[in-house]
Amino acid sequence: METTVKLYSLPYNNVKTYLTALLFIAGNLVLPQLFHLIPQGGTTWLPIYFFTLVGAYKYGWKAGLLTAVASPLLNSWLFGMPMPAVLPAILLKSVILAIAAGYAARRFRKITLPLLLAVVLTYQILGTLGEWGMTGNFYDAVQDFRIGIPGMLLQIAGGYAVIRYLIRK
């Protein structure tokens with residue numbers, strides 16, 4: 001299944017960019033809180049990345065980057081999660097995700113499950129390497145791969161469904 005993407009590349013001098021990012025930031029605030037009601041829900045389902053993926057894919061890397069940076073910072077400040085010790089790694093992965101999703105949408109101008117799989121694997125692999133470089137601990141760096149497979153599948157399947165829905169709007 002393949003769908004052509006109506007791409008929006010929102011500039012930073014456009015108020016719509018900030019309003020769009022605020023909508024996705026709100027989603028990235030609410031979704032993690034819901035998943036934290038489940039034991040190990042945050043580390044298993046990786047909810048803080050979901051709306052970053054959707055926002056960057058549908059509305060461009062600039063809206064995605066605003067979402068990628070603001071979401072983890074606000075979640076950490078308001079709710080204490082992610083903990084400050086892991087915040088740099090989550091910020092790195094979020095930024096890589098926004099760039100990868102925005103690039104894929106712009107380059108391929110379509111949405112497919114394999115394309116979203118490639119985006120998710122790109123941010124996870126590059127983010128894991130970056131986290132390993134930051135912490136020096138490979139075991140800690142690969143936790144998203146070890147524990148977060150359900151979350152990555154949610155990002156791929158759920159992101160695909162939401163982006164397809166937004167395309168119709």
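The figures here come from the full heavy-atom set of this structure, side chains too, leaving out hydrogens, waters and symmetry mates. Position 1 is the first residue of the sequence, and the numbers go up from there.
- Hydrophobic clustering keeps Leu34 apart from Leu74 (ILVMFWY residues linked when any side-chain heavy atoms are closer than 4.5 Å, directly or through intermediates).
- Between the NE2 atom of His36 and the OG1 atom of Thr43 there is a distance of 8.5 Å, given to the nearest 0.5 Å.
- The distance from the CG atom of Leu115 to the CZ atom of Arg107 is 10.0 Å, given to the nearest 0.5 Å.
- When all heavy atoms of Val95 and Ala68 are compared, the closest pair comes out as N-CB, 3.9 Å.
- A continuous path of ILVMFWY side-chain contacts below 4.5 Å connects Val142 to Leu121, so both sit in one hydrophobic cluster.
- When every heavy atom of Ile163 is checked against every heavy atom of Ile111, the shortest pair comes out as CD1-CD1, 3.9 Å.
- Nearest heavy-atom pair, Gly27 versus Phe51, reported as atom, atom and distance to 0.1 Å: C-CD1, 3.3 Å.
- In terms of heavy-atom proximity, Leu116 sits nearest to Ile156 at CD1-O, 3.5 Å.
- Using modelled atom types, one finds a donor on one side chain and an acceptor on the other under 3.5 Å when comparing Thr52 with Asn28.
- Ring geometry, Trp45 versus Phe35: the interplanar angle falls from 30° to 60°, so the pair is classed tilted.
- The two residues Tyr57 and Ala101 make their nearest non-hydrogen contact at CD1-O, 3.5 Å.
- Under the 4.5 Å side-chain heavy-atom criterion for grouping Ile, Leu, Val, Met, Phe, Trp and Tyr, Val120 is connected to Leu129 within one hydrophobic cluster.
- Glu131 has its side chain out of reach of Asp144: every pair of non-hydrogen atoms, C-beta onward, lies at least 4.5 Å apart.
- Atom CZ of residue Phe50 and atom CG of residue Leu97 lie 11.0 Å apart, to the nearest 0.5 angstrom.
- Every residue meeting the ring pair (Phe, Tyr, Trp, His ring centres under 6.0 Å) condition with Phe24, not counting sequence neighbours, appears here in chain and number order: Tyr59.
- For the atom pair CD1 (Ile147) and CG (Leu46), the distance works out to 9.0 Å, reported to the nearest 0.5 Å.
- Side-chain contact check for Met152 versus Phe145: some heavy-atom pair is nearer than 4.5 Å.
- At a threshold of 4.5 Å between non-hydrogen side-chain atoms, the residues Trp61 and Arg106 do not count as touching.
- Side chain of Ser76 to backbone of Pro82: a donor-acceptor contact under 3.5 angstrom is found.
- Leu53 and Leu22 fall into different hydrophobic clusters, defined by Ile, Leu, Val, Met, Phe, Trp and Tyr side-chain heavy atoms under 4.5 Å apart, directly or through other members.
- Linking Ile, Leu, Val, Met, Phe, Trp and Tyr residues whenever their side-chain heavy atoms come within less than 4.5 Å places Leu126 and Ile149 in a single cluster.
- Put simply, CD1 on Ile96 and CD1 on Ile125 are 11.0 Å apart, with the number rounded to the nearest 0.5 Å.
- Across every non-hydrogen atom of Ile48 and Asn75, the tightest pair is CD1-ND2, 3.6 Å.
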